[in-house]
Amino acid sequence: MTTSFKEKIYKITRRIPKGKVATYGQLALLAGKPKAARAVGSFMRTNPDAPRTPCHRVVSKNGALTGYSMKKGIVTKKHMLLAEGVPFIGEKVDIKKALWTGVI
DNA sequence: CCCGTGACATCGG
DNA sequence: TCCGATGCCACGG
C-alpha cells in the first residue's frame, strides 16, 4: 500500500475540511517532506483520484489559485471554494483565515 | 540509470 | 514592490 508519498498527499488532501484550504507546502510538510511542495503539485496534476481528491482546496502559500487544468479552470476553482464558505480577497483566498490548521 | 518536466517555496537585487 | 534565479522532490519515458 503503498505508503507512497503520493498516496499520503491524496489522503491528507481528502482530510481538508469544507471551508478550509491547505497549501502545497503544508501538504508536503504533513506528508513528511517540507520541501516537496513541487512534487505535491505534480501529484495533483496527475490526480488519478480527481473526484476523490479535492485538489481545489489546495492553493499556493500566498493564497493564489494555481493549476486546475488551466487559468480558466481557476475561475471554477474559485467558485467552488467560495461556495464552501472560503473567504476570498479579490482573486485570492484569504489564506490567513481559511488556512487549514492541519490538525482536527 | 539518466534526463526532462512541473498545479511550489524562498532568497537576493 | 516586482522580477529573476535557485533548490527541492517525485514521476514518466
Side-chain angles (χ1 to χ4, degrees):
Chain A
M1 194 10 324
T2 147
T3 37
S4 291
F5 182 69
K6 192 166 117 189
E7 293 284 321
K8 227 169 188 181
I9 295 296
Y10 293 138
K11 217 180 278 192
I12 296 169
T13 304
R14 283 190 247 138
R15 286 186 205 170
I16 302 175
K18 185 163 80 72
K20 295 270 178 173
V21 296
T23 69
Y24 295 96
Q26 182 83 46
L27 295 177
L29 181 67
L30 293 172
K33 306 288 188 192
K35 300 194 172 166
R38 212 175 207 182
V40 175
S42 294
F43 304 148
M44 295 307 178
R45 178 182 177 280
T46 304
N47 202 352
D49 297 301
R52 250 191 233 167
T53 307
C55 44
H56 63 268
R57 283 185 195 153
V58 186
V59 298
S60 56
K61 211 194 166 184
N62 68 315
L65 302 177
T66 45
Y68 215 73
S69 289
M70 272 200 274
K71 291 201 168 180
K72 303 291 183 181
I74 300 300
V75 181
T76 305
K77 187 168 169 181
K78 175 186 169 189
H79 271 257
M80 266 197 288
L81 293 170
L82 201 61
E84 293 190 347
V86 176
F88 259 79
I89 299 177
E91 299 299 301
K92 290 181 189 164
V93 178
D94 189 348
I95 199 70
K96 306 248 185 217
K97 296 179 180 179
L99 182 60
W100 179 39
T101 56
V103 181
I104 307 180

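Since the model is a prediction, treat every value here as computed from it, not as a measurement.
Taken from CZ in A:F43 to SG in A:C55, the straight-line distance is 14.0 Å, to the nearest 0.5 Å. A distance of 9.5 Å separates NZ in A:K61 from CD1 in A:I95, rounded to the nearest 0.5 Å. The distance from the CG atom of A:L81 to the CG atom of A:L65 is 6.0 Å, given to the nearest 0.5 Å.
Using a 4.0 Å cut-off on heavy atoms, none of the residues of residues 78-89 of chain A approach DNA chain B. Taken residue by residue, residues 20-36 of chain A places heavy atoms nearer than 4.0 Å to DNA chain C at A:K33, A:K35, A:A36.
Under the 4.5 Å side-chain criterion, counting only non-hydrogen atoms from C-beta, A:T13 is in contact with A:L27. Residues A:V58 and A:T23 fail the side-chain proximity criterion, which asks for heavy atoms closer than 4.5 Å. Two residues are said to be in side-chain contact when any heavy atoms from C-beta on lie closer than 4.5 Å; A:Y68 and A:H56 meet this criterion.
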Here DNA chain C, pairs taken as Watson-Crick or G-U under 3.5 Å and shown with ( ), [ ] when crossing and | when to another strand, reads .||||||.|||||

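Two residues, A:S42 and A:K61, neighbour DNA chain B, and the one matched to the more 5' nucleotide by heavy-atom proximity is A:S42.
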Could you walk me through whether A:T66 and A:V59 pass the side-chain contact (heavy atoms from CB on, under 4.5 Å) test, one step at a time?
CA-CA 6 Å; A:T66 45; A:V59 298; 5.9 Å; no

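A salt bridge links A:E84 and A:R57; the closest N-O separation between the charged side-chain nitrogens and carboxylate oxygens is under 4.0 Å.
The distance from atom CE of A:M44 to atom P of B:dA7 is 13 Å, rounded to the nearest whole Å. Between the CD1 atom of A:I9 and the C1' atom of B:dC8 there is a distance of 12 Å, given to the nearest Å.
Grouping the Ile, Leu, Val, Met, Phe, Trp and Tyr side chains by contacts below 4.5 angstrom, directly or via other members, places A:L29 apart from A:M44. The same ILVMFWY cluster, assembled from side-chain heavy atoms under 4.5 Å apart, contains both A:L82 and A:V93.
No donor-acceptor distance shorter than 3.5 angstrom exists from the side chain of A:K8 to the backbone of A:L30, with no hydrogens or angles considered.
Listed by first and then second residue, the side-chain hydrogen bond (donor to acceptor under 3.5 Å, both in side chains) pairs that reach into residues 26-37 of chain A come to none, sequence neighbours excluded. A side-chain hydrogen bond (donor to acceptor under 3.5 Å, both in side chains) check over residues 87-104 of chain A, counting only residues at least two apart or in different chains, returns the pairs A:K78-A:E91.
Extent of DNA chain C lying under 4.0 Å from chain A heavy atoms, first and last nucleotide in 5' to 3' order, is C:dG7 to C:dC11.
Contacts of A:T66 with the nucleic acid, taken as non-hydrogen atoms under 4.0 Å apart, include base atoms.
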